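A quick write-up on the structure given underneath.
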Amino acid sequence: MREIKLSVVNENKDYRIDTDFWTKEPKKNPNLQYIKIKDCLLKSQYGISVSMNEDGIGYPIYRMNEIHNMMCDFSVSKYADISEIEKKKFILKDRDVLFNRTNSFEWVGRTGIFYEQEGVDFIFASYLVRFVPNEDIILPEYLTTYLNTKYGIWDLKRRARQSINQTNINPEEVKETFIPLLNKNIQLKIKECFDSSKQTLIQSSQLYAEAEELLLENLGLKNFQVACNPFNIKSLKESFLQTGRLDAEFYQVVYERLEEHIRQYPQGFQRLGEICRLKDQNYTPEDDQEYSYIELSNIGHTGEITGCIQSLGKDLPSRARRKIQTGDVVVSSIEGSLQSCAVVTPEYHNALCSTGFYVVSSEHINSETLLVLFKSPLIQQILKKNCSGTILTAINKKEFLNIPLPVICPKTQTQIAEYLQKSQALRRQAAELLAEAKNSVEHEIENIQLNQINAGGGKS
């Protein structure tokens with residue numbers, strides 16, 4: 001129990017009277033100097049609220065699910081068609097820090113650093129906030145790392161406001177959070193970890209791109225373009241009576257041409273349900289057993305699982321009903337997240353995943369090739385074609401199992417697997433570098449008094 005005077009409550013920007021906020025106030029290390037985040041920022045800014053598209057029209061835009069492991073993904077799946085004036089206001093600059101202010105309780109507060117890419121301008125959506133640190137005080141890499149440490153997360157979570165389906169953190173309250181001022185040399189070592197990790201991730205992404213290029217060359221799709229009419233005429237017998245679909249999008253000529261290309265593949269093709277095993281049986285978690293749970297936001301842009309939620313079975317959401325094994329491929333069924341596909345690696349063996357995924361495996365196509373296939377523009381288009389629904393647009397089981405898949409030759413499959421295995425090894429290396437950065441910050445906060453005694457120094 002803790003008693004707080006009304007005068008103290010009134011000093012808080014949002015007049016917080018909720019119990020968690022006051023009873024979970026973090027303790028400061030008396031041997032460290034602390035400063036409010038707002039006092040070490042040059043700028044903070046909400047992202048833009050605007051409609052988005054998947055057709056590449058406008059500028060690529062970051063959303064809340066494109067920050068993984070303290071870094072912004074190198075590519076995004078949505079675009080926003082905005083004016084030049086708006087672009088100048090919301091364009092991201094190298095080493096900007098993005099903070100996720102609204103999401104589920106587990107993911108609100110997710111923070112990552114953005115690195116610019118030559119020739120590409122990125123903007124950011126309204127559920128994100130941009131922080132620009134004053135580097136004379138703290139480096140962006142250190143701010144990002146601290147907000148991802150157990151100390152930063154603890155302070156952020158106590159400020160979160162939960163409702164039925166959404167959790168929010170007011171960025172103004174984030175700026176009221178105290179951050180310890182670690183020695184600049186320590187901050188520079190954190191930056192070195194990020195720089196090395198970034199270069200390793202670039203190499204990893206290049207290997208994935210080579211695997212995808214190899215697949216597209218094998219399929220004859222490297223420079224494939226569909227020149228077709230923007231309309232298609234179908235009789236009732238050819239359309240609704242055969243497919244049960246009346247939406248015009250389903251009958252676009254581009255989809256017909258792509259499926260015809262697969263059917264003419266020299267090595268042959270088979271329906272997904274014939275060449276893959278679909279694991280769609282429900283698993284009921286034990287109430288008092290702890291599980292690793294994977295959802296859409298845990299999937300990185302090159303098909304890696306970036307993390308999971310650790311939770312008792314009784315606390316898991318009702319959609320946590322698929323048990324996965326090493327080598328399985330998880331494929332998002334939700335339009336807008338169809339690129340969220342991943343190979344299950346050994347550390348996630350027997351984890352649970354959301355029913356928003358289809359879980360597949362095959363004796364004829366290795367896991368790595370299946371992944372690159374599902375993420376390829378070819379299959380992504382066909383997945384998109386088969387999505388239906390109103391409130392939540394998704395691809396149903398029947399349509400999913402009916403997707404045609406080319407039977408890739410074993411030699412090409414082996415080459416693709418080698419590329420992806422090397423890519424995944426580099427990703428693990430990059431993750432270890434960032435884990436080292438986070439651990440070193442926590443270590444410094446916890447052991448600064450001992451360090452000072454050994455060094456004969458004073459406060460940092």
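Owing to the predicted nature of the structure, the values given are computational and were not obtained by experimental measurement.
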Original post:
Does any donor atom in the side chain of S376 or E212 lie under 3.5 Å from an acceptor atom in the other side chain?
Top reply: no
Subject >> Pair E446, Y151: side-chain N/O donor-acceptor within cut-off below 3.5 Å >> reply: yes
Original post:
How about N282 and R322: does a side-chain donor come under 3.5 Å of a side-chain acceptor?
Top reply: yes
Subject >> Closest non-hydrogen atom pair between V76 and P60, with its separation >> reply: CG2-CB, 3.5 Å
Original post:
Can you list the residues that meet the side chain to side chain donor-acceptor pair (under 3.5 Å) rule with N366, with sequence neighbours excluded?
Top reply: T369
Original post:
Are side-chain N/O atoms of Q380 and K375 paired as donor and acceptor at under 3.5 Å?
Top reply: no
Original post:
For the residue pair S367 and V329, what are the closest heavy atoms and their distance?
Top reply: O-CG2, 3.6 Å
Original post:
Looking at D155, T111, I169, V129, which hits side chain to side chain contact (heavy atoms under 4.5 Å, CB included) with V174?
Top reply: I169
Original post:
Counting N and O atoms only, with roles assigned by atom type, does the side chain of Y79 sit under 3.5 Å from a partner on the main chain of M52, one being a donor and the other an acceptor?
Top reply: no
Original post:
Restricting to pairs with a member in residues 428-439, which pass side chain to side chain donor-acceptor pair (under 3.5 Å), not counting sequence neighbours?
Top reply: none
Original post:
Within 45 degrees of the axis of the six-membered ring of Y142 and under 6.0 Å from its centre: does K191 put its NZ or CZ there?
Top reply: no
Original post:
Is a side-chain donor-acceptor pair under 3.5 Å present for N53 with D55?
Top reply: no
Original post:
So, S126 and R101: side-chain donor and acceptor under 3.5 Å apart, yes or no?
Top reply: no
Original post:
More than 12 heavy atoms of other residues, nucleotides or ligands under 6.0 Å from NZ of K422: is that the case?
Top reply: no
Original post:
With no hydrogens and no angle check, do the side chains of T306 and N298 hold a donor and an acceptor under 3.5 Å apart?
Top reply: no
Original post:
If you take all heavy atoms of G109 and L156, which pair is closest and at what distance?
Top reply: O-CD1, 4.1 Å
**OP:** Would you check if the side chain of N148 reaches a backbone N or O of T145 as a donor-acceptor pair within less than 3.5 Å?
**Re:** no
**OP:** May I ask you to decide if the ring planes of F374 and F400 are parallel, tilted or perpendicular, using 30° and 60° as cut-offs?
**Re:** parallel
**OP:** Flag the pair R319 and E295 as a salt bridge only when some basic side-chain nitrogen lies within less than 4.0 angstrom of an acidic carboxylate oxygen.
**Re:** yes
Original post:
Thinking salt bridges, do R95 and E116 make one under a 4.0 Å N-O criterion?
Top reply: no
**OP:** Provide the closest heavy-atom pair for L352 versus P285 in the form atom of the first, atom of the second, distance.
**Re:** CD1-CG, 3.8 Å
Original post:
Once you round to the nearest 0.5 Å, how far does CD1 of I202 lie from CG of L426?
Top reply: 11.5 Å
Original post:
Do you know the tightest heavy-atom contact between S340 and F357?
Top reply: O-CE2, 3.7 Å
**OP:** Check the pair R161, T167 against side chain to side chain contact (heavy atoms under 4.5 Å, CB included), reporting the backbone distance first and the verdict last.
**Re:** CA-CA 6 Å; R161 298 177 185 272; T167 301; 5.9 Å; no
Original post:
Hey, are E176 and K38 close enough for a salt bridge, meaning a charged N less than 4.0 Å from a carboxylate O?
Top reply: yes
Original post:
Say you draw a straight line from CG of L139 to CG of L182; how long is it, rounded to the nearest 0.5 Å?
Top reply: 10.5 Å
**OP:** May I ask you to decide whether E86 forms a salt bridge with K89, counting only side-chain N to carboxylate O separations under 4.0 Å?
**Re:** no
Original post:
Any side-chain donor-acceptor pair under 3.5 Å between R427 and T302?
Top reply: yes
Original post:
Would K189 and S440 count as having a side-chain donor-acceptor pair, cut-off 3.5 Å?
Top reply: no
Subject >> I113 CD1 to C72 SG distance, which is reported to the nearest 0.5 Å >> reply: 8.0 Å
Original post:
Taking atom CD1 of I395 and atom CD1 of I403, what is their separation to the nearest 0.5 Å?
Top reply: 4.0 Å
Original post:
Stepwise, does the side chain to side chain contact (heavy atoms under 4.5 Å, CB included) test hold for S354 with L296?
Top reply: CA-CA 8 Å; S354 167; L296 288 173; 5.8 Å; no
Original post:
Looking at L128 and N100, what are the two nearest heavy atoms and their distance?
Top reply: CD2-CA, 3.8 Å
Original post:
Can you tell me how far the CD atom of E290 sits from the CG atom of L316, to the nearest 0.5 Å?
Top reply: 9.5 Å
Original post:
Got a sec, which pairs hit ring pair (Phe, Tyr, Trp, His ring centres under 6.0 Å) with one end in residues 49-72, sequence neighbours left out?
Top reply: Y62-F114, Y62-F122
Subject >> CD1-CG distance between I382 and L272, expressed to the nearest 0.5 angstrom >> reply: 11.0 Å
